[in-house]
Structures are given as C-alpha cells and as structure tokens.
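Everything on this sheet refers to the single structure shown next.
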Protein chains: 2
Amino acid sequence: MTNSPTLKEVAQRAGVHVTTASRALNPATSSLVNPATMRRVQAAARELRYQPNAMARGLKTAKSMSVGVLLPDLTNPLFPPIVRGIEDVLAASGYTTLIANTDNDLERQRTLFDTLRARQVDGVIIATARRDDNLFTEAHQQGVRMVMVNRRVDQSDIPSVTGDDHDGIAMAVRHLIELGHTRIAHVAGPQHTSTGRTRQRAYRQALDDAGIELDPGLLVTANEFTEVEGAKATRAMFEAGKRPTAVVAANDMIALGCLDVFNERRMRCPDDISLVGFNDMPFVDRLTPPLSTVHVPHYQIGAEAARMLLDRLANPDLPAKSITLPATLVLRESTAAPAV
Amino acid sequence: MTNSPTLKEVAQRAGVHVTTASRALNPATSSLVNPATMRRVQAAARELRYQPNAMARGLKTAKSMSVGVLLPDLTNPLFPPIVRGIEDVLAASGYTTLIANTDNDLERQRTLFDTLRARQVDGVIIATARRDDNLFTEAHQQGVRMVMVNRRVDQSDIPSVTGDDHDGIAMAVRHLIELGHTRIAHVAGPQHTSTGRTRQRAYRQALDDAGIELDPGLLVTANEFTEVEGAKATRAMFEAGKRPTAVVAANDMIALGCLDVFNERRMRCPDDISLVGFNDMPFVDRLTPPLSTVHVPHYQIGAEAARMLLDRLANPDLPAKSITLPATLVLRESTAAPAV
DNA sequence: CCTGCGTGTGCAATCGTTTTCCGCCCAGAC
DNA sequence: GTCTGGGCGGAAAACGATTGCACACGCAGG
C-alpha cells in the first residue's frame, strides 16, 4: 500500500545491519544473535509496525506460504464449511488460502490452476476433480503438492480426504428398506465424479444385499449436482411411468429438485413418497419437510485435508494416503413407511 | 512448486536477452520489440508453459495484483454471493482475492488485516466494519485503499457499497401496516453496526410516518446477527408480556431465531403472527413458511464494490463515493392480516 | 562522407528479503 | 604477550522479474 517500513529501516533504527535484523526477527535464526540486540531490533520493529514483505521473502525462500483451493462454486452451501475447515488449520500454520471458483468449466479451471501456480502457491486443495482428470494427475506427477477433498481421481495416488459415500448410501437404502420400501429409486449424480459414481454403486449393492432386484427405470442420473438437473432427472423418471415409493438422491441439491417435482405432481413427502438426501447441507433441517439425509463432516474434511497437505509440504515424500471420514444417517421428517 | 521455467530460460530458448523476453511478453511494452522476435519469444513461452513468477513481478512493481476481503464468517449464507461478485469482477481484471474470516473477533481482525498488508494486497474490501471502527479509519488515512460492503463506518469518507437498509425496512413496515397490523415489533441487530442501527431507525420512522406510536417494549435488540441471539431477544420480548401481531427482523438469521421462538410458544406463522426478514438469503424461500423478506442484491453489491476498488486503484485520488443499491420487498408466506 | 535519428536490443540496477561466507573481537589458556 | 576459538555481526550474492539508460545499426539528408 503506502510506504510500509522495510527491514532496512528497522535495522537502521536499531543500529544494526539489515542481516542482523533479519536474524533477530526470525525465530529460527534468532539464536545467532545476542539477546540484547535482539530485543533492540524487536522493539524497533514494533515501533515501526514492521511487517515483512511477503513477496520479497517468498521470492528468496521459494515459498509463498499460501495454498490454493479449487472448487466449483463457493455459493453452493456444501463448500463454505469445507473452506472454513481448510482456512482454520492453514491459518494456524501461517498459510494464506487462495480460493478459485471453476463453475465446473474445464477451460476456466485450467486458467485458474495456472494463475495459482503463477502465484507460487505451495500446494493445492482440489474439490473439483473428475474421475478421469488429467490436468491434476499430470501436475501431481510433476511434483505439485495437492490433496483432493470430497471427490477423487480414479487410479491415482493423489492423496484425498472424503466422506464415506458408500456407507452413507448403504445406510440410507437400508433405512428405507426397514421402513418397508421396495420400489426405491436413485437419482444419481454425474458419473464423471467419484461421488456420483460410488454413490450409485453403493445404491445398487445395497439393493442387492437386501435381495431386491434393481428396476433399471428407477435409476436415473442427473447431469449435475444441482436442483434443476435433479428435478429434470426425476421428472423424466415419473414421465416414464415409474412409481417409486422412496427416492435416494445423490446429494441434497438434487433432493431439492426431487422435492420440486413432488410438488409439481402433488405428491406429499413423506406421506406419498419418501426422500433421503446426502451431505446434510446447512438449512436442509428447515425445509418442508425437514430433510432426512446423510451427514458428512465437511468442516473436518476440510481441516483434515489441510493438515494432510501441511504434512506433505513438510515432508514431501510421505506416502500418499487417502482418508475417508465416517458418514452418519440423520433422520428427520422426509421418510416414512410406504402408503399401503 | 517444482522448477517452473523462468524468464531467463524462455529468453535463452528464444535466443534473446531476458529484457527483450520481458518486453515481448508484456502487452504494455511489446510495441518496443520487433514483431518477429516477439513471436519467437511467445512461442518459447508457450512451449515451456511459462508463467511469470507473481512474487518476483510484484516485488519489482510494488503491486501484488491481489486484494483482501475481510468478512465475519464465510459460512454465513449472506457472504458467498457477495464474495462471488467480488471475485468475478476482480478475476476479470487479473486480480486474486484473499479471503479472511474474523469471526467478529476484533483481535483476530487486526491480525488478519496485518497479514493481508504483509502480503502487499493492493486494496481491501471490508464487510466487518463497526460504526466506530478505528482500525480501518486509521488505515484509510494512511492511504490504504479500501471499500466497505454492506456495512459502513460512521462519519468517514471511506467509500462503500450497501443495500438500501432504510428503504427496505420502510417497505416491510408499510406492508404490515397495510395488512392491518399496528402492534409491530422490531428485533434489531447490534447497534454498533451501521446496518443494525439504520434498520432500527428506519423502523421507528416508518411507524412514525404512519402515525403509530412506538411501544418501546416492542423494540428489542439482538446482540449479534445470529439465530440464537435473535431467538434470545424475541423470547425476552414475549416474556415481558408483549404481544405483537407482526415482527420485523433486522435480518434473516434473526428471523430464523424468531421462528424458533414462535414454535416454542406454539404460535403459527403467519396465522398468529407475521414475520418479515431482511437480506433474502439463499434458501429462506424454502423455509416453513417461506419467508417474506427484503431482497438485497448481494452479488451486485460485491461486484460493484470490486469495481469501485479497481477504479480507486487505477486513480488513487478519486473522490470517495458511497453507492446504495435498491432493496425490494419479496412477499412470500410469512405475512398475513392479523387475527381478529 | 559525415551527422543525426529512430528502432531494436542489451546492460545493469533495483525491489526487500534470506543466507552463505567471512572477519572481527574478546575471553581464556599457555 | 601471543595464540585459539567461539560468538556476533557485516558484506555480498542471490531469488525472478521490470526498467531507465546506453549502444549498435541502418538509413536519410546535407
């Protein structure tokens, strides 16, 4: 901004060489300087409200003390908790977070990723991965430190932190079966994402485990994890004449779309049809009806991802590990026994 | 990350001096270099996937091409739209956004503000201002470029972009009066914020304009713009024996708290009591009942603030202006005529 | 043939730090 | 009194870009 004081000025005021000032102010090297002069320097720094110029430091140390976060859209309520988790642990270690919204646009994503690299971020946390993503796998092979949150990339050793998609869906389906449902539909998410895919597979397997044969017409897939795409897919299912008594949505946004379609068709939830979402986004407990959904600890996912990245920055050749955090089924009022 | 190519390498590959490479790659100076060699340099840059080192550039140019955003909590649904507005226009001009969450903690805010300055941000957008804030007024006087969003600081010439708080509340109160309400309460927000204060004043004035005398017991104030503080304040009002037929909440979070208290007391909204919120946060249209509220164009507020900051960066001694964007009343199902 | 000018390029300094390498000083041992 | 060695602190070289300045060259005009 305006003439911030520089290290040289601090040094002058303390009557020492700039080198000494640098050492005095840096905890790692302050042992090299006489305690008395160290105090002098620190006093001078305090009086001048000295803040080291991060760019100069970064240029020299080849570390920016910043990490980038790539996500589809901050406006999606799923992400703020993740981001807070990330920021809180990174900030505690002195790192700054750079957020970039891709809007699911691959072109844009590439650009944003490049600007992050231009800014010399020390690492990247990625929430936008596709299963076959090669932008990230290439970068990973080139040594870019990264960890995936929420979604993963197929067949890669990129570390990741995700919720337990499989178990979450299994719990949801089992719950519906216990209530007496047999015609259970799934509105799947985009299959190019790991979440869309593994949730869909979990749905199939849960039915299978219960000895219920899958009616292929009850499995539809939304093109995006959004309300409108979710609505589109479930509308198509009904228009094809399918009549499920319960729906498992691949996430809460899609569940919102399901609710819209239920309303269009004057079906009451849960009286006429049950619905389970996924994620337990903020405010879904205040919907009409309050949504039963699979809770995923998003803040912890973010925090854990940040910790993992920090570990890998400190120790570059740590083996890549993938953490999955447990999901829990939270029952509210959108599920009930099927009407007879 | 790993050995990103440097300008020197690009220059070598193109067979020119690093100076020339710099000029060739920089649109502002590229006219100084022969078109043919410019093409050579650009080709070399492309082949190497060269990205200029932002820290080196920033160090030399004394510009970081980044701006900081200070907000209370990203997790509050009010903020993501504002942030997107900011990021979208800043990104279009090549700026990066640094987000910091203060959690309404003044100490933390000071620290975060300092780290932003250490990172040499070119400007700051602030959503956490208090009416009497001196951290920011001082910084402003020192020449730190900033603009306030949403909230303002009293008696200062810091530029700001806000919604029309006064008009918004006036519309809400008038609407309730037209429905036949006379015992209209206001759950105000913290009075150390400009929003809390001007909304409260607008409420008083709207009553006055309608010739309704203010019952002081119907004006309570929440300590924070949160659900629990909102609930606490409205609960206190009821416990004092007050019986409004309508409530104007200072924002949607507080309105959520009002709804909680209505439920506690088995009052139905809108049958027994009407409620109007403020902000039109995402998802309040899906509450039970869908919330009537004052819509504020948050994305535009963010975008406008960013544009204003950009203007001031380009032209430092632009006169400070304050923009207020129009609010609109959106009627849903939480308001009705009072029961007779 | 010389001067002058414009165009295109290179040289070198610089931004604010960190860091390696030295040299100084002084205490203590002989 | 000289020598040794440790502890402090300074000199200078980076890091990767930008930029004012100088220089080389070609060409036109006198």
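So that the names make sense, note that chain A is the first sequence line, chain B the second, and so on, each numbered from 1. Just so we're clear, the structure is a prediction, and the values are computed from it rather than from any experiment.
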Using side-chain heavy atoms (C-beta onward) and a distance below 4.5 Å, is A:R130 in contact with A:L106? yes
To the nearest 0.5 Å, what is the distance between CZ (B:R117) and CG (A:N53)? 12.5 Å
Nearest-0.5 Å distance that lies between atom CG in B:L90 and atom OG1 in B:T96: 9.0 Å
B:R49: partners by salt bridge (charged side-chain N to carboxylate O under 4.0 Å, His left out), with sequence neighbours left out: A:D114
note: A:Y50, atom OH; C:dG16, atom C1'; distance rounded to Å ~ 7 Å
CG of B:L7 versus P of C:dC15: gap in Å, rounded? 20 Å
Under-3.5 Å N/O pairs linking protein and nucleotides 5-9 of chain C:
from: C:dT9; atom 1: OP2; to: B:N34; atom 2: N; distance (Å): 3.0
from: C:dT9; atom 1: OP2; to: B:T37; atom 2: OG1; distance (Å): 3.4

Do B:T19 and C:dC11 have a side chain to base donor-acceptor pair shorter than 3.5 Å? yes
Please name the residue in the list B:N101, B:D103, B:T128 that meets the side chain to side chain donor-acceptor pair (under 3.5 Å) test with B:Q109. B:T128
Over 12 foreign heavy atoms within 6.0 Å of CZ, B:R152: no
Mind running salt bridge (charged side-chain N to carboxylate O under 4.0 Å, His left out) on B:D73 and A:R84 for me, showing each step along the way? CA-CA 8 Å; B:D73 179 14; A:R84 276 304 310 255; 2.8 Å; yes
Is B:R307 paired with B:E304 through a side-chain N to carboxylate O contact shorter than 4.0 Å? yes
Please confirm whether the backbone N or O of A:V33 pairs with a side-chain atom of A:R23, one donor and one acceptor, at under 3.5 Å? no
With heavy atoms under 4.0 Å as the rule, sort A:S22 into base, sugar-phosphate or nothing. base
Measure the angle between the two terminal helix axes of the helix from C:dC1-D:dG30 to C:dC30-D:dG1, five base pairs each, and quote it to 10°. 70°
Quick one, which residues of residues 54-66 of chain B touch DNA chain C with a heavy atom under 4.0 Å? B:L59, B:K60
For B:Y50, give me all partners under side-chain hydrogen bond (donor to acceptor under 3.5 Å, both in side chains), at least two apart in sequence or on another chain. none
Nucleotide range of DNA chain D contacted by chain B, 5' to 3', under 4.0 Å to a heavy atom? D:dG16 to D:dG20
Is it true that A:T137 and A:S156 share a donor-acceptor pair across their side chains at a distance under 3.5 Å? no
Before you tell me yes or no, could you show the steps for A:T162 and A:S160 under side chain to side chain donor-acceptor pair (under 3.5 Å), namely the whole-Å CA-CA distance, both residues' side-chain angles and the distance that decides it to 0.1 Å? CA-CA 6 Å; A:T162 60; A:S160 65; 5.2 Å; no
Let's go through A:V121 and A:V124 carefully: what are the C-alpha distance in whole Å and the side-chain angles of both, what is the deciding distance for side-chain contact (heavy atoms from CB on, under 4.5 Å) to 0.1 Å, and is it a yes or a no? CA-CA 7 Å; A:V121 293; A:V124 191; 4.1 Å; yes
